Amino acid sequence: MPEGHTVHGNARDMAGRFGGQQIVVGSPQGRFEDGAALLDGRLLEGTEAHGKHLFAHFGDDRQLHVHLGLYGTWTWGDGVPDPPRGLVRVRLEAEGGWADLRGPTACEVLDPTGVAALHARLGADPLRADADPAAAHARIARSRVSIGALLMQQEVVAGVGAVYRAEALFRAGINPYRAGREVTAQEWAALWADLVVLLRAGLKAGRIVTTRPVDRDRRTGRASRADSFYVYRRTGEPCRVCGTPVSYAQMVGRHLQWCPTCQPR
DNA sequence: GCTAAATGTTGAT
DNA sequence: TCAACCTTTAGCT
């Protein structure tokens, strides 16, 4: 699931596999031929993620920027890759193996100006050491927009998507319709701290799990995929904490679930 | 094994 | 406001 934790994992994996090597860059699909030519044969100096955006540094003057969107995926492997199957936008090859990118929303080569502009419009990323949660709170504290909508704005908090939004608000006991300016500094501090915990756990596990271990096994005696969340995709099912049926609405064009008892208006 | 829906953003209309 | 992206996964049969 490509929320921020996925992209940070991509950056980590890409650096581990290709960092410091000369990369053969191609676009078997053909849609990125011009960009690939700008990177082909250059040294991959490092990678980073900011929210859901991946940056691969191919020298001082150019970076590969990728946003997976809803469908995009990276596939990795050792040795020599098979002939491309399906629509491979980008293929990277080096001694460290190969990587294929399919279905991204954004895939482009940026110069330092473009990179700076992109970072400038992205907000606090719970997985970055340089994140500025105070700046995020400054925006939230003067906004009449709901906290559920604000968490989805990448210029406020970078890396949170529909899953982390629903789950973090549940764990904080905050109703998603509450206006940003009605979230106290203390509540924001706790919410931010929890996002750091949740995204770090997601990065480590490779998938999103927000339920505490004690909450997982209580009923069935075993952990399952459905037990990974408190409310996300559990509309109408009993809240794991209080039993109230989980509510559903669309907010900012995305699914949102919450418990009307644990997260009162 | 098949179908429908999904984690998200961009660019066209 | 809507289509594109065109993969993965959950949920059926």
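So that the names make sense, note that chain A is the first sequence line, chain B the second, and so on, each numbered from 1. In this text, all values refer to a predicted model and were calculated from it rather than measured experimentally.
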Take the protein atom [atom1] of [X] and the nucleotide atom [atom2] of [N], then report the distance between them rounded to whole Å.
| X | N | atom1 | atom2 | answer |
| --- | --- | --- | --- | --- |
| A/R234 | B/dA5 | CZ | P | 21 Å |
| A/H65 | B/dT10 | NE2 | C1' | 11 Å |
| A/I208 | C/dT9 | CD1 | P | 13 Å |
| A/Y71 | B/dA6 | OH | P | 10 Å |
| A/L87 | C/dT8 | CG | C1' | 15 Å |
| A/H67 | C/dA4 | NE2 | P | 20 Å |
| A/Y248 | B/dA5 | OH | P | 11 Å |
| A/R121 | B/dT10 | CZ | C1' | 10 Å |

Determine the contact category for [X]: base if any of its heavy atoms lies under 4.0 Å from a base atom, sugar-phosphate if only primed atoms, P, OP1 or OP2 are that close, otherwise nothing.
| X | answer |
| --- | --- |
| A/G69 | base |
| A/R165 | nothing |
| A/A162 | sugar-phosphate |
| A/Q29 | sugar-phosphate |
| A/R31 | sugar-phosphate |

Aromatic contact, [X] with [Y] (centres under 6.0 Å):
| X | Y | result |
| --- | --- | --- |
| A/Y232 | A/H255 | no |
| A/F55 | A/H50 | no |
| A/Y177 | A/W258 | yes |

> For atom P, what is the distance between C/dT13 and B/dA5, given to the nearest Å?
Replying inline: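 About 14 Å, rounded to a whole number of Å.
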
> Rounding to the closest angstrom, what is the interatomic distance between B/dA12 and C/dC6 at atom P?
Replying inline: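 The answer is 16 Å between these two P atoms.
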
> Starting at the 5' end of DNA chain B, which residue's closest nucleotide do you reach first, A/R254 or A/E108?
Replying inline: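 Residue closer to the 5' terminus by nearest nucleotide: A/R254.
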
Quick one: is [X] getting a side-chain N or O under 4.0 Å of the [N] phosphate, OP1 or OP2?
| X | N | value |
| --- | --- | --- |
| A/T73 | C/dT8 | yes |
| A/Q154 | B/dT9 | yes |
| A/R89 | C/dC6 | yes |

> Picking from B/dA6, B/dT10, B/dG8, which would you name as closest to the side chain of A/Y232?
Replying inline: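 Of all the options, the side chain of A/Y232 is nearest to B/dA6.
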
> So does A/D100 pair up with A/R85, basic N to acidic O under 4.0 Å?
Replying inline: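 Looking at A/D100 and A/R85, the cut-off is not met.
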
> Taking 4.0 angstrom as the limit, do A/E3 and A/R207 come out as a salt bridge?
Replying inline: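 No, A/E3 and A/R207 are not salt-bridged.
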
